[in-house]
Number of protein chains: 2
Amino acid sequence: MFPKATIARFPMYFRVLTEYNHQNIALVSSEEMAQKLGITSSQIRKDLSYFGSLGIRGAGYDVAYLLAKIKEVLGMDKSRRLAIIGAGKLGLALAGYSGLKQHGLEVAALFDTDDAKWGTNNGPLPVFPLTELASQKEKLGMEIAVLTVPASAAQPVANLAVKAGFKALWNFAPVRLVVPKDVIVQYEDLVVGILTLSHHLARKFG
Amino acid sequence: MFPKATIARFPMYFRVLTEYNHQNIALVSSEEMAQKLGITSSQIRKDLSYFGSLGIRGAGYDVAYLLAKIKEVLGMDKSRRLAIIGAGKLGLALAGYSGLKQHGLEVAALFDTDDAKWGTNNGPLPVFPLTELASQKEKLGMEIAVLTVPASAAQPVANLAVKAGFKALWNFAPVRLVVPKDVIVQYEDLVVGILTLSHHLARKFG
DNA sequence: GTGAGATTGTGAAAATAATCACAAGGGGAA
DNA sequence: TTCCCCTTGTGATTATTTTCACAATCTCAC
Ligand SMILES: NC(=O)c1ccc[n+]([C@@H]2O[C@H](COP(=O)([O-])OP(=O)(O)OC[C@H]3O[C@@H](n4cnc5c(N)ncnc54)[C@H](O)[C@@H]3O)[C@@H](O)[C@H]2O)c1
Ligand SMILES: NC(=O)c1ccc[n+]([C@@H]2O[C@H](COP(=O)([O-])OP(=O)(O)OC[C@H]3O[C@@H](n4cnc5c(N)ncnc54)[C@H](O)[C@@H]3O)[C@@H](O)[C@H]2O)c1
């Protein structure tokens with residue numbers, strides 16, 4: 001129903017709308033948002049048109065209403081709970097990232113095979129042995145598994161997550177995962193962004 | 001010359017080719033790579049066709065040669081040095097990420113305004129006061145500035161980076177930056193990935 | 001050297017995404 | 001109410017990306 005490219009822009013819209021909301025601005029035009037976001041206003045209108053007709057001609061969009069709609073389509077209307085598997089450098093950084101909560105995403109627990117990491121010494125969040133993944137999933141109601149383990153561990157960990165009942169995996173390891181087709185995997189490859197920069201530098205300067 | 005979408009897949013190709021190389025496999029077919037990567041072989045052939053004709057019909061692609069070509073186009077033939085600005089949770093995770101070096105990217109130093117972070121107590125890398133950005137850029141030969149500062153600091157920090165002569169910024173703060181048009185900004189919005197998952201979960205389950 | 005089998009390279013077609021351009025409303029002043 | 005101004009919503013157009021399909025041509029076994 002919503003194009004992928006449109007879904008990918010909604011988080012950005014969510015953030016500027018939240019800002020307008022805090023400033024008690026009730027109406028905002030596509031042109032105003034476009035300026036702030038560095039994209040075209042027709043892009044915004046086209047994206048929002050997939051909701052049906054929710055703007056007010058001559059005036060703009062109702063900030064609070066649009067915000068509610070975007071939250072709904074992104075599944076932010078109820079808070080979703082995450083399990084972070086791999087309490088290493090990246091896993092702990094994500095666990096302490098306030099941006100997640102601001103988008104309705106709550107890290108409920110971390111998991112690791114290293115017993116030195118177990119317990120609550122790493123901050124407010126508990127680190128459990130990986131063997132407890134399935135039981136804690138039920139207890140804490142977690143829906144999304146975040147994979148921040150070394151590449152070599154990613155596939156076995158994914159298998160465990162699938163067996164534990166996770167239907168959505170957010171994978172930071174640079175590895176393609178094989179999973180049943182009712183399980184969705186979102187790959188996060190940070191190297192792409194910086195190598196794109198490197199590519200442009202190489203073209204321009206050498 | 002190379003489509004954006006193609007450039008975005010090169011890092012992935014680079015990794016499987018490196019793997020084949022370590023296994024002393026000299027030739028690889030597009031179908032073999034495709035299987036491993038979960039994409040179509042025609043996608044791979046089309047991507048590689050922008051180099052001109054470098055495969056061997058009936059046999060496949062020369063792993064070492066293809067690797068060299070991809071390195072070249074991604075600017076990995078010489079090692080590029082990075083400055084990480086913001087020695088917080090994410091900045092330190094990136095500083096300790098071995099994947100960067102494996103792709104020819106070397107973190108040379110971190111910068112922070114917080115004097116408690118200055119020095120070399122955070123590991124092998126020095127953390128400098130932000131005021132030294134320009135001078136250290138020259139001394140260490142850094143080309144890319146990585147912004148891992150709070151959203152509110154991102155624009156002022158970007159201004160400093162531009163003034164220091166950086167022509168490429170890798171920005172993790174959820175903020176659009178205004179920069180001169182000879183400066184490239186690559187935005188990294190981690191929330192997009194996980195909200196895409198959340199969206200799918202909401203469609204499927206509610 | 002020849003033929004069978006494999007794999008590339010690439011035009012053409014299809015799918016997806018972005019931009020354009022303007023008719024259709026809605027707001028608000030007088 | 002009427003008229004003017006503003007902004008949406010969207011069909012049409014253009015751009016980009018992916019997929020298809022197969023001729024071209026290379027390898028290798030014999
Ligand atoms: N550090 C970064 O900034 C960064 C950036 C992008 C991608 N990544 C990727 O994220 C992953 C983690 O990177 P990192 O830098 O945090 O590494 P890390 O070594 O700091 O952390 C990995 C953690 O996973 C744990 N672990 C190992 N095997 C496990 C298993 N089978 N089950 C559960 N836990 C296990 C380890 O004990 C460790 O705590 C890697 O795949 C890396 O490529 C990291
Ligand atoms: N933590 C994550 O996993 C994560 C994920 C995605 C995006 N981000 C984004 O990355 C940025 C940093 O996040 P974090 O979690 O590392 O925060 P953090 O608070 O741990 O680190 C921020 C660091 O920036 C420093 N700083 C503040 N103002 C500065 C300035 N003007 N110049 C230089 N340094 C300055 C602080 O002293 C601190 O060390 C934020 O914009 C956040 O939205 C973080």
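Below, chains carry the letters A, B, ... as their sequence lines are ordered, and counting in each starts from 1.
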Tell me the interatomic distance from [X], atom [atom1], to [N], atom [atom2], rounded to whole angstroms.
{"X": "B/Arg45", "N": "D/dT18", "atom1": "CZ", "atom2": "C1'", "value": "13 Å"}
{"X": "A/Glu31", "N": "C/dT19", "atom1": "CD", "atom2": "C1'", "value": "14 Å"}
{"X": "A/Tyr50", "N": "D/dG9", "atom1": "OH", "atom2": "P", "value": "13 Å"}
{"X": "A/Phe10", "N": "C/dA17", "atom1": "CZ", "atom2": "P", "value": "13 Å"}
{"X": "B/Lys46", "N": "C/dA14", "atom1": "NZ", "atom2": "C1'", "value": "13 Å"}
{"X": "A/Leu54", "N": "D/dT10", "atom1": "CG", "atom2": "P", "value": "10 Å"}
{"X": "A/Ile39", "N": "C/dT19", "atom1": "CD1", "atom2": "P", "value": "9 Å"}
{"X": "A/Ile44", "N": "C/dA18", "atom1": "CD1", "atom2": "C1'", "value": "13 Å"}

Using a 4.5 Å cut-off on heavy atoms from C-beta on, say whether the side chain of [Y] contacts that of [X].
{"X": "B/Val127", "Y": "B/Phe111", "answer": "no"}
{"X": "B/Tyr20", "Y": "B/Thr18", "answer": "no"}
{"X": "B/Ser30", "Y": "B/Tyr61", "answer": "yes"}
{"X": "B/Phe205", "Y": "A/Glu143", "answer": "no"}

Subject >> Of B/Ser49 and A/Asp47, the one whose closest DNA chain C nucleotide lies more 5' >> reply: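 The residue closer to the strand's 5' end, by nearest nucleotide, is B/Ser49.
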Subject >> Out of C/dT19, C/dA17, D/dT19, whichever nucleotide has its closest atom nearest the side chain of A/Lys4 >> reply: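 Comparing C/dT19, C/dA17, D/dT19 against the side chain of A/Lys4, the answer is C/dA17.
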Verify the contact: side-chain N or O of [X] to OP1 or OP2 of [N], cut-off strictly under 4.0 Å; return yes or no.
{"X": "A/Ser42", "N": "C/dT19", "answer": "no"}
{"X": "A/Gln43", "N": "C/dA17", "answer": "no"}
{"X": "A/Tyr61", "N": "D/dG9", "answer": "yes"}
{"X": "B/Ser30", "N": "C/dT7", "answer": "no"}
{"X": "A/Ser53", "N": "D/dG9", "answer": "yes"}

Original post:
Is the closest side-chain donor-acceptor distance between B/Ser41 and B/Arg45 under 3.5 Å?
Top reply: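 Yes - a donor-acceptor pair under 3.5 Å links their side chains.
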Return the polar atom pairs (N/O with N/O) between nucleotides 25-30 of chain D and the protein under 3.5 Å, or none.
unit_1	atom_1	unit_2	atom_2	d
D/dC26	O4'	B/Arg57	O	3.1

Original post:
Among A/Lys78, A/Arg80, A/Arg81, which residue meets the salt bridge (Lys or Arg N to Asp or Glu O under 4.0 Å) test with A/Glu106?
Top reply: A/Arg81
**OP:** Output yes when a side-chain donor or acceptor of B/Lys101 lies under 3.5 Å from a complementary backbone atom of B/Val107, and no otherwise.
**Re:** no
